[in-house]
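Values below: every heavy atom of this structure, side chains too, minus hydrogens, waters and symmetry copies.
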Amino acid sequence: MSLVPPARLIVIDGPDLGREFDIPSRGGGIGRGEDNAAQLSDPAVSRAHCSIELREGALCLVDEGSRNKTLVNGELVSVHRLEAGDEIVVGKTRLTYLPSDGVAMTRPAAPARVTMEIGTRELMSLAGAPGEARARRHLASLAGLGERLKSEIARGKEAVARATAESCLAALGADRGFVIVREPSGRAQPIATAVVQGDPAGGSLALPRDIVEKVLGHGKAMAVEASAAGGPRAALAVPLTVGDDVAILWAERRGAAPWDTLDVMAAGCLAQIAAAALAAAETQGLLTRGQAALQATIDERLGDAELIGRSQAALALLDLVARVAPTDATVLLGGESGSGKEMVSRAIHRASRRAQGPCVAVNCAALTETLIESELFGHEKGAFTGAVAQRIGKFEEADGGTLLLDEISEMDLRLQSKLLRALQERVIDRVGGNKPVPVNIRVLATSNRDLAALVRAGEFREDLLYRLNVVNLRIPPLRERKDDLSTLSQFFLDKYARANGRPAKRLSPGAMDQVLAHRWPGNVRELENAMHRAVLLSNAEDVGPDAIRAPDGAPVGQRDDGAGAAIEAGQAAARALVGRTVADVEQDLILETLTHCLGNRTHAAHILGISIRTLRNKLKLYADDGVKVPPPPTGQAA
C-alpha cells in the first residue's frame, strides 16, 4: 500500500497546454528526458529539470542546484512540500499540482468573468419569470424548500414532512400533498398534509394498496390515475428513503391530465431534498433523546448528588462517574482548586454499593506529620505522650464505606509507604499497636497537583501513584464549562436565597454577560461565593452587574485580561518549578536579579533581601562551578 496517493500535474500554460501527467506515489522527474514522469516538449526546460520525491510521507518538489531554476507559486525553491493547487513554473511551462483526492484552485492566465450573481431569495423569485415557466417554478420551489428546511430540521421529522408536503403545492402545482409512512402494523399513515383552500377532497386520502406496495418495495416514482371527492385525480407517488425506512411523497391535482416527465423529475428532486432533511432531523432527535436518557440514567444512579451541568465536558464526567461509582475501584480525582473534586468524590460514594456505609474524609494538607499517622491509623493507649486512651483512625471509621484522601500530594513520603501497605493489604497497624487490624474500605483520593511530576521530583512514591491511579477522573475547570455557567449561577442564587430568607432572584442580562466573561480562576467555589454575595448585596429581584463582585471587590468579568491572566501565569510558573531543587531555583533567582541590576552587587543584594557578603559568597561558588556570572559595573568590587 502506498504512503501517498497518486497525483497529477496539469499543464496550464506553455507548449504542452492541456496535457496531464500521472505522478506515482514514489514520485518522478520533470523535464524533457524520456525517463521523466512528466516529459515536456518545452525547449526552455532541462532534460532533468527537477523532480517530485517522497520525503517524510509527503510528495515534495525538489530542485537542488539545477542551472535552470524552478518556481513554486512565484518563488524559487529547492525543496517544497506540495499541496493541492500549487503552481510550478519550469522554463516557459506552467503546471498545477493536483492530488487524486483533491481540488486545485488555479490561477488562470486570464481573469474569470462573472456573468451572473444570484442569491437564494432571488432564485426563489424566478417562479414568475418568463420562459420555461414550469421549470422555473420547480427550481424556485426547490430552492425555497432547501432554505426553509434549515430551520425545520431542528423542530423534528413532522416539521420537515409538513414543509415538504406544502412544497408539493408550489413546486408541482398540486392541489394536495402528503408525506406517508408505514407503521409497524403495516398501516399507511400520513404524518404531514397540505391542501389548497377549497379542495372538496380535503385532507382525507384513500391509498391504493398495490401502488403503495410497489413504491415501498421497488423504490421507484410512479404516476397514478386516482379518484377522490370531486372527480378523477392525477397522482404522483415518490419514495422517500430515510435509512432503512421508506416513506412516500404523494401529490395530487384535480383532473385526468397525467403528470409528465418534468413533473416526475421535480418530484424526485423534492423527495431527495426531503429525505436528507428527514434523516438529519431523525439523527438530531436521536441525539437529543439519547442525551436526555443519559442524563436521566446519571441522575438516577447518582441519587441526590449536586452534580449540575449540561455542557459536553460535564456530561462526559457525569457518565464516567455513573459507570465507576458502582464498582470498588480506587479512583484518583485531579483538577484545579475549587473545581469540585470533593463533591464528585461524595457523589461516587452515594452512587456506590457502599452508600449505606460511612464516607470519611481526611484533608492531608491540614495535618502535621506527627498527627497524620495517628489520624489515619489510630493509636493505642500510652503510644505517646497524651495518648490517654485508645483511638481508632479514619481507616477504621470508614470500615464498610469510603475513605476520601483529600490533597494526597501533601502527604509525607515516610507515611506514603505505610499508606501503600494499607491499600495493598487492606490491613493497618495502630500507632503503638502490635496487632494488625483488617479494614474493608474503598479509597478515593484527590489532588490539584500533577502527581506524575511529583514522582519525577522524588516527592511522591511511584508505586503509590500506580496503586491510587486505577481510575483517573479529571474534573474540568469552570472555564471549560461555559455552557454550565447560567445553570450553576441560578442554582446558587436559589440555594442562598432560601438559606437567607430572601425572595427568589435571577441574573440580569448585564450580570449574566459579566459572569460569562469572567475566567473564574477559583472555579465553582468562586462562582458559588460570588452568587452568595450577590444574594446578600442585591435588593432587587434581578441581580445587576454591580452585585457580581470578586472577593477583592473588583467587578467580575472586568479584570480577566489582567489579574485573571496573571493568576493563571503565576500558577503555570509555580508548576514549572516542580522537579527542581531549592538550590537551582535560588541560583536562577540570584543571577536573574543580578542581570536585571546590570551587575550591581549592592543593588541586587538589597532586592534579594540578603547581605552583600552573602551574595558575594554565593556568586563565588557559582563561578567555581563554571557558571557565568554577570561582571560588576566599572568601579565596583566583585
Asker: What is the minimum heavy-atom distance between Arg442 and Ser352, and which atoms define it?
Answerer: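 The answer is NH1-CB, 3.8 Å.
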Asker: Using a 6.0 Å cut-off, check whether atom NZ of Lys381 has over 12 heavy atoms from anything other than its own residue.
Answerer: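 Not buried by this count: 12 neighbours or fewer within 6.0 Å.
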Asker: Apply salt bridge (Lys or Arg N to Asp or Glu O under 4.0 Å) to the pair Arg323 and Asp319, showing each step before the final yes or no.
Answerer: CA-CA 6 Å; Arg323 283 189 277 149; Asp319 183 37; 3.4 Å; yes
Asker: Taking side chain as C-beta onward, heavy atoms only, is Val443 less than 4.5 Å from Arg467?
Answerer: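 In short, these two side chains do not touch, never coming nearer than 4.5 Å.
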Asker: Check this for me: does any side-chain nitrogen of one of Asp542 and Lys505 sit under 4.0 Å from a carboxylate oxygen of the other?
Answerer: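 No, this pair does not count.
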Asker: Got a second to check how far Lys418's NZ is from Leu423's CG, nearest 0.5 Å?
Answerer: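 So the gap between those two atoms works out to 14.5 Å.
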Asker: Taking atom CG of Asn523 and atom CZ of Arg481, what is their separation to the nearest 0.5 Å?
Answerer: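 One finds 9.0 Å between CG of Asn523 and CZ of Arg481.
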Asker: Using a strict threshold of under 4.0 Å (side-chain N to carboxylate O), is an ion pair present between Glu158 and Arg162?
Answerer: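 Judged by the 4.0 Å cut-off on N to carboxylate O distance, Arg162 and Glu158 do not form a salt bridge.
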Asker: Between the side chains of Asp484 and Ser311, does any donor sit under 3.5 Å from an acceptor?
Answerer: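 Judged by distance alone, the side chains do pair up.
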Asker: Contact between Met531 and Leu507 at the side-chain level, heavy atoms closer than 4.5 Å - yes or no?
Answerer: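 The answer is yes, as the side chains (C-beta and beyond) meet within the 4.5 Å cut-off.
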Asker: Passes side-chain contact (heavy atoms from CB on, under 4.5 Å), Leu270 versus Val238? Steps please.
Answerer: CA-CA 9 Å; Leu270 194 71; Val238 185; over 6 Å; no
Asker: Which atom names give the shortest non-hydrogen contact between Ala281 and Gly156, and what distance separates them?
Answerer: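 In terms of heavy atoms, the two residues are closest at CB-C, 3.8 Å.
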Asker: Hey, are the side chains of Lys394 and Leu403 touching, using non-hydrogen atoms and a 4.5 Å cut-off?
Answerer: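 When only atoms from C-beta onward are counted, Leu403 and Lys394 do touch, with a gap below 4.5 Å.
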Asker: With rounding to the nearest 0.5 Å, note down the distance linking CD in Glu397 to CG in Leu376.
Answerer: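 With rounding to 0.5 Å, CD (Glu397) is 10.5 Å from CG (Leu376).
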Asker: Are any side-chain N or O atoms of His349 and backbone N or O atoms of Val360, one a donor and one an acceptor, separated by less than 3.5 Å?
Answerer: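 No; zero donor-acceptor contacts below 3.5 Å.
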Asker: Can you establish whether the number of heavy atoms outside Asn434 located under 6.0 Å from its atom CG is more than 12?
Answerer: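 Not more than 12 within 6.0 Å, no.
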Asker: Under a 4.5 Å cut-off applied to non-hydrogen side-chain atoms, are Arg461 and Leu413 in contact?
Answerer: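 Heavy-atom side-chain distance check passes, below 4.5 Å.
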Asker: In the structure I gave you, are the side-chain heavy atoms of Pro503 and Glu541 within less than 4.5 Å of one another anywhere?
Answerer: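 Not in contact.
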Asker: Is the closest side-chain heavy-atom distance between Leu451 and Ile408 below 4.5 Å?
Answerer: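 Leu451 vs Ile408: side chains touch.
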Asker: Which atom names give the shortest non-hydrogen contact between Val535 and Arg502, and what distance separates them?
Answerer: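 The pair with the smallest heavy-atom distance is O-NH1, 3.0 Å.
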Asker: Can you give me the closest heavy-atom contact between Leu493 and Ala534, atom names plus distance?
Answerer: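 Answer, listing the atom of Leu493 first, then Ala534: CD2-CB, 4.4 Å.
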Asker: Between Ala163 and Glu152, what is the shortest heavy-atom contact and its length?
Answerer: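 Nearest heavy atoms, Ala163 then Glu152: CB-CG, 4.2 Å.
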Asker: Does Glu407 offer a backbone N or O that forms a donor-acceptor pair with the side chain of Thr446 under 3.5 Å?
Answerer: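 Yes, because the side chain of Thr446 sits within donor-acceptor range (under 3.5 Å) of the backbone of Glu407.
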Asker: Any side-chain heavy atom of Phe377 sitting closer than 4.5 Å to one from Leu415?
Answerer: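 Yes, their side chains come closer than 4.5 Å.
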Asker: Between atom OG of Ser508 and atom CD1 of Ile548, what is the distance when rounded to the nearest 0.5 Å?
Answerer: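 Nearest 0.5 Å value for the OG-CD1 distance: 7.5 Å.
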Asker: Salt-bridged, Arg449 to Glu410, with N to O below 4.0 Å?
Answerer: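 Between Glu410 and Arg449 there is a salt bridge, with a charged N closer than 4.0 Å to a carboxylate O.
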Asker: Could you walk me through whether Cys359 and Arg350 pass side-chain contact (heavy atoms from CB on, under 4.5 Å), step by step?
Answerer: CA-CA 9 Å; Cys359 182; Arg350 283 195 288 268; over 6 Å; no
Asker: Report, as yes or no, whether the 6.0 Å neighbourhood of atom CD on Glu425 holds more than 12 heavy atoms from other residues, nucleotides or ligands.
Answerer: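 Count over threshold, so yes.
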Asker: Let me confirm one number: the CD1-CG distance from Ile180 to Leu249, rounded to the nearest 0.5 Å.
Answerer: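 So the gap between those two atoms works out to 8.5 Å.
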Asker: State whether the side chain of Asp399 and the backbone N or O of Val439 hold a donor-acceptor pair below 3.5 Å, judged by distance alone.
Answerer: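 Side chain of Asp399 to backbone of Val439: no pair is present.
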Asker: Name the residue from Glu373, Glu375, Glu380, Glu396 that meets the salt bridge (charged side-chain N to carboxylate O under 4.0 Å, His left out) definition with Arg391.
Answerer: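 Among Glu373, Glu375, Glu380, Glu396, the one that satisfies the salt bridge (charged side-chain N to carboxylate O under 4.0 Å, His left out) with Arg391 is Glu375.
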Asker: Could you go through the side-chain contact (heavy atoms from CB on, under 4.5 Å) check for Phe492 and His532 one step at a time?
Answerer: CA-CA 7 Å; Phe492 290 131; His532 192 174; over 6 Å; no
Asker: How long is the straight-line distance from CD of Glu336 back to CG of Leu478, given to the nearest 0.5 Å?
Answerer: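 Result: 10.0 Å between the selected atoms.
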Asker: Please step through side-chain contact (heavy atoms from CB on, under 4.5 Å) for the pair Glu528 and Lys495, ending with a clear verdict.
Answerer: CA-CA 10 Å; Glu528 180 175 7; Lys495 174 181 176 180; 3.1 Å; yes
Asker: Check whether Asn500 reaches the backbone of Tyr496 with its side chain - one donor and one acceptor, N or O, closer than 3.5 Å.
Answerer: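 Side chain of Asn500 to backbone of Tyr496, a donor-acceptor pair under 3.5 Å: yes, one is there.
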Asker: For a quick test of reading the model, state the closest non-hydrogen atom pair linking Ala275 to Leu240 and the distance between them.
Answerer: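 Heavy atoms only, the tightest pair is N-CD2, 3.8 Å.
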Asker: Mark yes or no for whether Lys482, through its side chain, and Leu516, through its backbone, hold a donor-acceptor pair below 3.5 Å.
Answerer: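 Yes, the answer is positive, given that a donor and an acceptor are paired below the 3.5 Å cut-off.
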Asker: Please tell me if the side chains of Val437 and Phe395 come closer than 4.5 Å, counting only heavy atoms from C-beta onward.
Answerer: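 No; the side chains remain at least 4.5 Å from each other.
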